[in-house]
Amino acid sequence: MSLRKRIEETVENYIRKNWKVDKKIVFEKPKNPDYGDYALPLFILSRLKKESPEKIFQEIKKVVEEEFKGYVEELNFLKGFLNLRLSYDALISNLKEILKKKENFGKADTGKNKRVNLEFVSANPTGPLNIANARAASMGDTLANLLENAGFYVEREYYVNDSGNQVKVLEKSLNARIKELKGEKVEFPEDGYPGEYLVEIAKEIIEKDIKNPVEYAVDKILESQKESLLKIGVKFKNFVRESEIRKNRKVEKVLEKLKKHTYEKEKALYFKSTEFGDDKDRVLIKSAGEPTYFLVDLAYHLDKIERGFEILIDIWGPDHHGYIGRMKAGLKALGFENFEVLIAQQVNLKKGKETVKMSKRKGIYYTMDELIEEAGKDAIRMFMLLKSFESPLEFDIELARKTGVENPVYYLQYMHARCVNVRKFAEEKGITADSFEGRYLEGEDERKVLVMLFYFKDILEKSAIFKSPHLLPHFLLELAGVYHSYYQKKRIVGDDIKVSRARLALNNACEYIIKKGLKLMGINAPERM
RNA sequence: GCGCCCGUAGCUCAACUGGAAAGAGUGCAGGGUUGCGGACCCUGAGGCUGUGGGUUCAAAUCCCACCGGGCGCACCA
């Protein structure tokens with residue numbers, strides 16, 4: 001457990017025991033680094049205890065100082081805040097921990113190996129993946145990495161909608177292409193999929209004399225989707241097919257379980273989802289006798305639960321937000337509430353100042369493959385991760401393919417390359433960080449770096465808990481800024497061997513942290529650029 | 001008409017989930033003379049957080065109304 005968390009819990013326990021009050025204590029990063037390394041607003045505690053913030057401060061100060069002597073250099077009171085400054089001992093023991101654990105530094109057991117099913121992308125198997133899928137892929141994969149790092153057991157899952165309407169449309173489109181190729185005159189279906197890829201598949205079907213064209217096409221498309229995903233560095237553990245869910249009678253099963261919450265109206269079977277928080281009741285079985293998409297999807301989610309997952313997380317596109325209510329209601333009726341939907345907002349493509357208009361109907365859209373070809377995996381993941389889930393994002397292709405300062409991904413990679421270079425330079429001179437002495441790092445410039453390294457655990461923890469992968473790249477950019485600045489100010493490998501060793505320790509810790517951060521984001525950490 | 005998301009520096013975005021004087025990057029203006037990589041560093045200008053009310057000791061953050069952008073509102077998936 002991190003030192004920060006230990007202090008927080010100590011204060012929590014103290015308040016519970018002595019004030020008989022349950023209050024979560026959360027340290028913040030102070031507005032101004034001069035105040036300290038951690039801050040705690042005392043206003044709420046002050047109200048709870050009906051005493052002045054200053055008095056509260058004195059009380060907490062005593063507790064913390066008793067328990068964490070040596071780790072805390074200073075506690076001060078300012079405008080209602082408690083500010084805490086870490087000691088160099090604390091900072092340097094953190095540094096040592098990084099050097100010792102390297103890529104394993106920051107791993108936590110908060111997840112207690114709980115089983116998480118993270119479903120994302122889940123595009124229809126009717127065409128190539130697009131840029132919105134690239135966003136979902138980048139964010140989903142990174143979130144999975146973060147959760148794993150926090151001690152959860154995570155399976156990345158992709159749902160394949162290989163039955164239902166869109167597959168029928170695919171079939172119509174495909175048949176039209178086949179007929180075209182055979183020289184017959186046909187009108188291409190208006191709502192069909194006009195992309196070139198279907199022509200290619202149609203050709204293969206004719207050449208190989210495939211018996212079941214749609215099935216073949218779905219498999220083909222799914223395979224190419226998988227390839228695209230691998231190109232962007234995402235590997236799914238499970239691909240679950242809708243047809244399997246139907247075939248395994250999961251639909252009947254979920255229907256049975258929901259039976260007492262249903263009624264019939266105009267020959268259709270309704271689920272009383274309003275009883276579970278939805279704004280209207282939903283059809284499960286259409287009057288024609290077929291299950292709705294919702295019912296099958298519910299069956300699929302029941303299947304996830306039956307596979308032993310304790311936490312379900314879905315990442316959906318913005319066009320599905322109206323669907324959250326009924327899904328939650330359905331799962332609640334099944335007795336499962338640990339279900340969360342993250343909406344990955346839309347991506348607008350730009351080329352410099354020009355907006356790239358996309359139209360599915362006209363078949364004009366940027367595929368993920370095209371984007372990868374133009375901008376590269378690393379830049380895409382960086383840009384996709386920089387924004388929080390809820391905010392729509394402008395993706396500037398021109399910017400992403402630039403290899404200069406404007407492109408933040410290089411700023412991070414450059415830091416890594418620089419760290420490695422310094423370490424190797426030192427090694428050639430026979431200098432290592434092995435027996436460094438912390439007292440040579442007790443300067444303000446060094447302290448800035450040490451504190452950033454100390455914050456890394458907080459970021460890992462927070463980005464996992466709040467499911468906010470965007471916190472990570474923002475942190476790394478700040479770390480890189482501090483590192484580059486330090487590098488500029490202080491020579492790392494110099495004449496004094498003891499000073500060199502100590503600074504090298506700092507350098508190497510930076511290397512491991514940036515490397516780990518980039519890895520979590522699925523971005524390469526090159527040693528040379 | 002109803003619901004959801006967004007609106008923060010010229011541009012792209014943060015802001016620890018209600019906390020201190022709203023921060024980065026880019027762009028713009030200027031600067032950095034042996035040495036570990038100049039894809040770097042330093043300085044500066046740039047803001048009524050869309051508008052108007054409210055709640056609070058404290059609001060970019062919560063509530064109400066309005067303006068603007070996006071998306072939903074199916075016995076489609």
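Sequence lines set the chain letters: A, B, ... in the order given, protein chains first and strands last, and positions in each chain run from 1. Just the heavy atoms: all of them, side chains too, but no hydrogens, waters or symmetry mates, feed the values below.
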Q) Does B/rU17 adopt a syn or an anti glycosidic conformation, taking syn as a chi angle within 90° of 0? A) syn
Q. Where the side chain of A/His470 is defined as all heavy atoms beyond and including C-beta, which of B/rA21, B/rU12, B/rA15 is the nearest nucleotide?
A. B/rA15
Q.
Distance check, P atoms only: B/rG53 and B/rA29, in whole angstrom units.
A. 39 Å
Q | Phosphate-side-chain proximity, A/Ser391 and B/rU8, N/O vs OP1/OP2 below 4.0 Å | A | no
Q. What does nucleotides 69-77 of chain B look like as a protein-contact string, B for base, S for sugar-phosphate only, - for none, at under 4.0 angstrom between heavy atoms?
A. -SBSSSBSB
Q: Give a yes/no answer on whether the side chain of A/Ser388 brings an N or O atom under 4.0 Å of OP1 or OP2 in B/rC13.
A: no
Q. For B/rC28, what is the paired nucleotide under Watson-Crick or G-U wobble rules, both distances under 3.5 Å?
A. B/rG44
Q: Give the rounded distance in Å between these two atoms: CD of A/Glu478 and P of B/rA15.
A: 13 Å
Q) Counting only Watson-Crick or G-U wobble pairs whose two distances fall under 3.5 Å, which nucleotide matches B/rG18? A) none
Q | Closest-nucleotide 5' rank along RNA chain B - winner of A/Lys29 and A/Ala480 | A | A/Lys29
**Q.** B/rG23 phosphate, OP1 or OP2, under 4.0 Å from A/His474 side-chain N/O
**A.** no
Q) For A/Ala417, which contact category applies under a 4.0 Å heavy-atom criterion: base, sugar-phosphate, or nothing? A) base
Q. Do you see a donor-acceptor pair shorter than 3.5 Å between the side chains of A/Arg381 and A/Thr142?
A. yes
Q.
Within the supplied structure, the quantity of interest is the number of heavy atoms (other residues, nucleotides, ligands) at a distance under 6.0 Å from A/Lys350 NZ; does it exceed 12?
A. yes
Q | CA sep, side-chain torsions, deciding dist, call: A/Glu446, A/Tyr486, side-chain hydrogen bond (donor to acceptor under 3.5 Å, both in side chains) | A | CA-CA 7 Å; A/Glu446 284 74 17; A/Tyr486 180 75; 2.8 Å; yes
Q. Closest to the A/Met529 side chain: B/rA39, B/rC36, B/rG38?
A. B/rA39
Q: For B/rC62 and B/rG68, measure between their C1' atoms and round to the nearest Å.
A: 22 Å
Q: Let me know the distance between CG of A/Leu393 and P of B/rU12, rounded to the nearest Å.
A: 11 Å
Q: Can you tell me, in whole Å, how much space there is between the C1' of B/rC28 and that of B/rG10?
A: 9 Å
Q | Ring centroid separation A/Phe466 to A/Phe389 under 6.0 Å | A | no
**Q.** Base partner of B/rU34, which must satisfy Watson-Crick or wobble distances under 3.5 Å
**A.** none
Q: Using whole Å, report how far CD of A/Gln488 lies from C1' of B/rA39.
A: 13 Å
Q. At under 4.0 Å between heavy atoms, what does A/Lys490 touch on the DNA or RNA strands: base, sugar-phosphate, or nothing?
A. base
Q) Do we see A/Phe43 stacking on the base of B/rG19, given a limit of 5.5 Å between centres and 30° between planes? A) yes
Q) When the C1' atoms of B/rG69 and B/rG50 are considered, how many whole Å apart are they? A) 11 Å
**Q.** Stepwise side-chain hydrogen bond (donor to acceptor under 3.5 Å, both in side chains) check, A/Asp314 with A/Tyr323
**A.** CA-CA 12 Å; A/Asp314 288 7; A/Tyr323 194 78; over 6 Å; no
Q. How far does the P atom of B/rG3 sit from the matching atom of B/rU8, given to the nearest Å?
A. 24 Å
Q.
The criterion is salt bridge (charged side-chain N to carboxylate O under 4.0 Å, His left out); which residues satisfy it with A/Glu171, sequence neighbours excluded?
A. none
Q | Sub-6.0 Å ring centroid separation between A/His484 and A/Tyr414 | A | yes
Q: Let me know the distance between CZ of A/Arg491 and P of B/rG38, rounded to the nearest Å.
A: 10 Å
**Q.** 5′-ward residue of the pair A/Phe389/A/Glu527 relative to RNA chain B
**A.** A/Phe389
Q. NA contact type, A/Leu82, heavy-atom cut-off 4.0 Å: base, sugar-phosphate, or nothing?
A. nothing
Q) Taking atom P of B/rA14 as reference, at what distance in whole Å does atom CD1 of A/Ile459 sit? A) 15 Å
Q) When you compare B/rG7 with B/rC41, how far apart are their P atoms, in angstrom units rounded to a whole number? A) 29 Å
(Q) Exactly one of A/Asp281, A/Leu269, A/Ile285 should register a side-chain contact (heavy atoms from CB on, under 4.5 Å) with A/Thr262. Which one does? (A) A/Leu269
Q. Is the distance from OP1 or OP2 of B/rU56 to the nearest side-chain N or O of A/Arg47 less than 4.0 Å?
A. no
Q) Which part of the nucleic acid does A/Leu477 contact within heavy-atom distance under 4.0 Å: base, sugar-phosphate only, or nothing? A) nothing
Q: Rounded to the nearest angstrom, tell me the gap between atom NE2 in A/His484 and atom P in B/rC40.
A: 7 Å
(Q) Under 3.5 Å for both donor-acceptor distances, Watson-Crick or wobble: does B/rA59 have a partner, and if so which one? (A) none
Q) Touch check for A/Lys462, heavy atoms < 4.0 angstrom, all strands: base, sugar-phosphate only, or nothing? A) base
Q. Now, which nucleotide makes the Watson-Crick or G-U wobble pair with B/rG3, with each of the two distances under 3.5 Å?
A. B/rC71
Q.
Work out how far the C1' atom of B/rG19 is from that of B/rA59, and round it to whole angstrom.
A. 10 Å
**Q.** Test of ring centre spacing under 6.0 Å for A/Phe239 and A/Tyr159
**A.** no
Q) If you measure only the distance, is there a donor-acceptor pair under 3.5 Å linking the side chains of A/Asn165 and A/Tyr293? A) no
**Q.** salt bridge (charged side-chain N to carboxylate O under 4.0 Å, His left out) partner of A/Glu8, the single match among A/Arg6, A/Lys5, A/Arg4
**A.** A/Arg4
Q) Are OP1 or OP2 of B/rC41 and a side-chain N or O of A/Tyr411 less than 4.0 angstrom apart? A) yes
Q: May I have the distance from A/Tyr414 (atom OH) to B/rC36 (atom P), rounded to whole angstrom?
A: 11 Å
Q. So what's B/rC13 paired with, Watson-Crick or G-U wobble, going by both distances under 3.5 Å?
A. B/rG23
**Q.** Distance between C1' atoms of B/rA60 and B/rA9 (Å, rounded)
**A.** 14 Å
Q | Distance in angstrom units between A/Phe475 CZ and B/rG23 C1', rounded | A | 16 Å
Q. Do the side chain of A/Asn83 and the base of B/rA20 come within less than 3.5 angstrom through a donor-acceptor pair of N or O atoms?
A. yes
